[in-house]
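So that we are looking at the same thing, I have put the structure below in structure tokens.
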There are 2 protein chains.
Amino acid sequence: MAVTINDVARAAGISKSTVSQYLNGRYEFMSLETRQRIKQVIEELDYRPNALARSLKQKKTHTIAAVVSSILNPFITNTIRGAEDYCKETGFNLILCNADDDPKQELAYIQTLQSKQIDGIIISTTGRNNEALRTMNRTGTPVVLFSRHVPEIEVDAVTVDNRAGIGLGIRHLMAHGHRNIAFFVLPYSDSPVTPRRERAQAFREYMQEYGLPFHEEWLVECTNEEEVLAGQLDRLLQGPGPHPTAVFGANDLMTMSLVRLLKNRRLRIPQDMAVLGFDDWEWAPYLSTPITVVAQPSYEMGRRATERLIQRIRNQLLGVPPTLEYYQPTLIVRRSCGESGE
Amino acid sequence: MAVTINDVARAAGISKSTVSQYLNGRYEFMSLETRQRIKQVIEELDYRPNALARSLKQKKTHTIAAVVSSILNPFITNTIRGAEDYCKETGFNLILCNADDDPKQELAYIQTLQSKQIDGIIISTTGRNNEALRTMNRTGTPVVLFSRHVPEIEVDAVTVDNRAGIGLGIRHLMAHGHRNIAFFVLPYSDSPVTPRRERAQAFREYMQEYGLPFHEEWLVECTNEEEVLAGQLDRLLQGPGPHPTAVFGANDLMTMSLVRLLKNRRLRIPQDMAVLGFDDWEWAPYLSTPITVVAQPSYEMGRRATERLIQRIRNQLLGVPPTLEYYQPTLIVRRSCGESGE
DNA sequence: CTTGATAGATAAATCGGTTTTGTTCACGGT
DNA sequence: ACCGTGAACAAAACCGATTTATCTATCAAG
């Protein structure tokens, strides 16, 4: 059906070896005449080389994949933009796979990608497929983790400095007179992945370091469903003794849910409750009260992860051991923590 | 390096043809004994078939692609979810390509996808690569358009009923006492793609049909940059004569920009200006005034486009001519058009 | 005892390229 | 006249699978 290299060779009255040389730009092996002849025939027949056949022989596909935890997550999509741009510049193809934070889906993708012989992957992993990732990396398909780091896998990783981010956030709240701060984080106790744990731990440490009141019950580990969150909030606000005047969400999803809950409860931000988020997201500025956040340089991180991956693929990092790279978060001051952010 | 079918055959003391039969589940051609032997060897060696080789011979990759105009667009990401789910159910692989509304990028993707021999694509096209899409479809790689339809290409398409959506919106505004309505739409005059044009045209027609005041200057065709939009709004609000009391955004991007602008101008929604949007987006409910919108059934549309594509791939639609399928939009009433939506 | 199925495999061709190795021929030097 | 050399191309092997044709026992039927 489709036109192949043989068709081209036949039409040009030449062997397919020569056509192949032409395709790969090795013009020194042919006369100017044949070169032009081939060019012409290719155009006439609208010939397009079959990448499968080529990759099969060459053992490289010039394609990498980004396996992401969720395409609905603004941090992730920005990260992808960085990856795309870097790929464009280096001539690699990028394919996107959305694992939806489901380890099974993730594993399925890892496997089909491998069988499709992609050259490498960047991944924000669930942390549940470490063995597969480790093997993949060891057997010659480089892996770079981004956003989430898993200590057990010895591969390159690009993350944000979570501790620093928490410190940044707490100092900002302190500067606005807040001392009673509650921290909301999605369940991490059974999660093999670092960010949540690191952020929670950093919160614990910084609160003590800065001499702020820390109660273990104010470090709330729960899902972000409305009812669950509502229950937790009620617990924090009822009874005697001091109540939190600020809530700090450990990631965008959690912060968004907190905002929604406060809105439903008719609690004003920041007068009744200050809100600080980790991760920036597109519409944080458009809410009734624009939300102040600790932001990650997501675009750069995606770019950098891809850069490292492609360096590995090109064997430019042969002696270099796997490295964990930290990016510094920044504070984006809007209005959810008090007035001076006007 | 990697283990191949030959390694398996050798280790099992058997020919590779038989191993291949095993891989394809044609067990009737071998004894139970060899079958178990092969199974064992495959596990021991951790053998994974090379999909490139397989696809090269079989001339199908069991992979389809979704080429999208922007992964930042909530409508699109929802659409992708639908596509993913349908693929999962039917055992197809889905790869995502983000063309970022750039015809060049789009064409680049179309071409590499073709050279990678994917089985088909669904696409929300820029409308600038019709020739490529037409050829692709004609030469055996089915194409299904979604969200945007291009009349010149004779392929299946799944879109929303734009006319109906505009009607829905205008009637809702009328019900809230609005008669002076301005419509904001991104530039479409030189765009080969239908939705913007259809929506603008429908607005024009419905306004007249319902006996509402229609001025061509109130159908604003402009980009959604802050300054541009501000200029247009000023134009509408100054001078004598009636001013619009409601703005209708032709898509999510435009509506979002309108909301931002009104917010910056300290115009209250809906008291000073009612807002109605086309396309729903995740955070429309969380704004200071939750925005009322005409929503498309995005998930279903993505699913349906994929279903049609896979039917074409499987040749189950041989006699059936390319069809344009319309989905009905729905009105999601929130608070931006007046009180009763409480 | 021959013939014909049949089960259980295998060898060889094939997919569409790339790469290695050969071949042919012209030409320059001696 | 002979050799060596390089330019220009071709033949063949190869990549890792699938598929088709072929082979070899074994056993039943005639």
Side-chain angles (χ1 to χ4, degrees), chain A residues 1-39 41-42 45-63 112 114-119 139-141, chain B residues 1-39 41-42 45-63 112 114-119 139-141:
Chain A
M1 196 81 286
V3 21
T4 76
I5 199 174
N6 280 305
D7 302 327
V8 174
R10 201 174 311 122
I14 222 165
S15 84
K16 68 172 179 172
S17 334
T18 305
V19 179
S20 174
Q21 301 287 15
Y22 173 89
L23 291 176
N24 292 313
R26 286 191 283 272
Y27 302 132
E28 61 278 29
F29 299 130
M30 68 198 74
S31 64
L32 188 59
E33 195 190 1
T34 29
R35 177 173 163 183
Q36 287 167 340
R37 178 112 189 77
I38 294 174
K39 182 168 191 290
V41 170
I42 284 180
L45 300 185
D46 191 29
Y47 165 68
R48 283 160 202 294
N50 181 324
L52 296 183
R54 164 192 287 242
S55 297
L56 176 58
K57 175 71 192 194
Q58 290 193 151
K59 287 168 178 284
K60 41 190 133 133
T61 50
H62 263 284
T63 302
T112 71
Q114 255 183 301
S115 76
K116 282 177 179 301
Q117 315 297 116
I118 46 121
D119 294 344
T139 57
T141 308
Chain B
M1 196 83 290
V3 21
T4 76
I5 199 175
N6 281 304
D7 301 328
V8 174
R10 202 173 313 124
I14 221 163
S15 84
K16 67 172 179 173
S17 331
T18 305
V19 179
S20 176
Q21 301 287 16
Y22 172 88
L23 292 177
N24 291 54
R26 287 191 283 272
Y27 303 132
E28 60 277 30
F29 299 132
M30 70 198 73
S31 63
L32 187 59
E33 196 189 1
T34 33
R35 176 172 164 185
Q36 287 167 339
R37 178 112 189 77
I38 295 174
K39 181 168 192 288
V41 170
I42 285 181
L45 300 184
D46 191 28
Y47 165 68
R48 282 161 203 294
N50 182 325
L52 296 183
R54 163 191 290 239
S55 298
L56 175 58
K57 176 70 198 203
Q58 291 192 153
K59 287 165 177 287
K60 43 190 134 137
T61 51
H62 262 285
T63 302
T112 71
Q114 254 182 302
S115 76
K116 282 177 181 299
Q117 316 294 120
I118 47 122
D119 295 343
T139 57
T141 308

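Quick note on labels: first sequence line is chain A, next is B, and so on, each numbered from 1.
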Options D:dA10, C:dT18, D:dG16, nucleotide nearest the side-chain atoms of B:Ile5: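 Nearest nucleotide to the side chain: D:dG16.
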
Length of the line joining A:Glu33:CD and D:dA8:C1', which is rounded to integer Å: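 Roughly 11 Å, once rounded to whole Å.
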
Donor-acceptor pair (no angle test) under 3.5 Å: B:Lys16 side chain, D:dA17 base: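 Checked by distance alone, the answer is yes.
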
Touch class at under 4.0 angstrom, heavy-atom based, for B:Ile14 against every strand present: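 The answer is sugar-phosphate, as B:Ile14 gets under 4.0 Å only of primed atoms, P, OP1 or OP2.
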
Touch class at under 4.0 angstrom, heavy-atom based, for A:Arg35 against every strand present: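 The answer is nothing, as A:Arg35 stays clear of every strand by at least 4.0 Å.
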
Touch class at under 4.0 angstrom, heavy-atom based, for A:Ser17 against every strand present: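 A:Ser17: base contact, heavy atoms under 4.0 Å.
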
Base C:dA9 paired with B:Ser15 side chain (donor-acceptor, <3.5 Å):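 Flag unset: no donor-acceptor pair detected.
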
Test item: side-chain donor near acceptor, B:Lys116 and B:Thr63, under 3.5 Å: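 Distance-only check fails for B:Lys116 and B:Thr63.
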
Within 6.0 angstrom of B:Glu28 CD, more than 12 heavy atoms from elsewhere: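 Enclosed: over 12 neighbouring heavy atoms sit under 6.0 Å from CD of B:Glu28.
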
N or O in side chain of B:Lys59 less than 4.0 angstrom from D:dT18 OP1/OP2: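 The answer is no; no side-chain N or O of B:Lys59 sits under 4.0 Å from OP1 or OP2.
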
Spacing between A:Ile38 atom CD1 and D:dA10 atom C1', to the nearest angstrom: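 Atom-to-atom, A:Ile38 to D:dA10, this comes out as 13 Å.
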
Interatomic distance, A:Ile42 CD1 vs C:dG17 P [rounded to whole Å]: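 After rounding, the gap between these two atoms is 10 Å.
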
Touch class at under 4.0 angstrom, heavy-atom based, for A:Thr34 against every strand present: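 Counting heavy atoms under 4.0 Å across all strands, the contact made by A:Thr34 is with sugar-phosphate only.
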
Any donor-acceptor pair under 3.5 Å from A:Thr61 side chain to A:Ser55 backbone: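 Side chain of A:Thr61 to backbone of A:Ser55, a donor-acceptor pair under 3.5 Å: no, none is there.
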
Minimum heavy-atom distance B:Asp119-B:Lys60, with the two atoms named: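 So the two residues come closest at OD1-CA, 3.5 Å.
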
Between C:dG16 (C1') and B:Lys60 (NZ): distance, integer Å: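 Rounded to the whole Å, the gap is 18 Å.
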
Quiz item: A:Ser31 side-chain donor-acceptor pair to D:dA7 base, under 3.5 Å: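 By the distance-only test, no, there is no pair.
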
Nearest to side-chain heavy atoms of B:Asn24, which nucleotide of D:dT18, D:dC9, C:dG16: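 Shortest atom-to-atom distance from the side chain points to D:dT18.
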
B:Arg26 side chain near D:dT19 phosphate (N/O to OP1/OP2, under 4.0 Å):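 For D:dT19, OP1 or OP2 has a side-chain N or O of B:Arg26 closer than 4.0 Å.
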
Sugar-phosphate only, base, or nothing, as touched by B:Thr4 at under 4.0 Å among non-hydrogen atoms: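 Answer is sugar-phosphate: B:Thr4 comes under 4.0 Å of backbone atoms only.
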
Protein-nucleotide distance (B:Lys116, atom NZ; C:dG17, atom C1'), rounded to Å: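 Distance check: B:Lys116 NZ to C:dG17 C1' gives 14 Å.
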
Whole-Å distance separating the CD atom of A:Gln36 from the C1' atom of D:dA8: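 From A:Gln36 CD to D:dA8 C1': 16 Å.
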
Reference residue A:Val3; test side-chain contact (heavy atoms from CB on, under 4.5 Å); the match among A:Asp46, A:Leu45, A:Val41, A:Ile42: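 For A:Val3, the side-chain contact (heavy atoms from CB on, under 4.5 Å) test succeeds with only one of A:Asp46, A:Leu45, A:Val41, A:Ile42, which is A:Leu45.
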
Base D:dC14 to side chain A:Lys57, donor-acceptor N/O within 3.5 Å cut-off: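 Yes, a donor-acceptor pair under 3.5 Å.
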
First of B:Asn50 and A:Gln21 reached from the 5' end of DNA chain D, by closest nucleotide: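 Nearest-nucleotide comparison on DNA chain D picks A:Gln21.
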
Between P of D:dC14 and CG of B:Asn6, the distance in whole Å: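 So the two atoms are 12 Å apart, to the nearest Å.
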
Touch class at under 4.0 angstrom, heavy-atom based, for B:Leu52 against every strand present: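 Nothing: the residue B:Leu52, judged by heavy atoms under 4.0 Å, touches no strand.
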
Partner of B:Ile5 under side-chain contact (heavy atoms from CB on, under 4.5 Å), chosen from B:Ser17, B:Pro49, B:Ser20: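 Running side-chain contact (heavy atoms from CB on, under 4.5 Å) over B:Ser17, B:Pro49, B:Ser20 with B:Ile5 returns exactly one hit, B:Ser20.
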
Interatomic distance, B:Phe29 CZ vs C:dT10 C1' [rounded to whole Å]: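 Between C1' of C:dT10 and CZ of B:Phe29: 14 Å.
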
DNA chain C: 5'-proximal contact among B:Leu56 and B:Thr18 (nearest heavy atom):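 Of the two residues, B:Thr18 wins.
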
Sugar-phosphate only, base, or nothing, as touched by B:Tyr47 at under 4.0 Å among non-hydrogen atoms: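 Sugar-phosphate, no base atom in range.
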
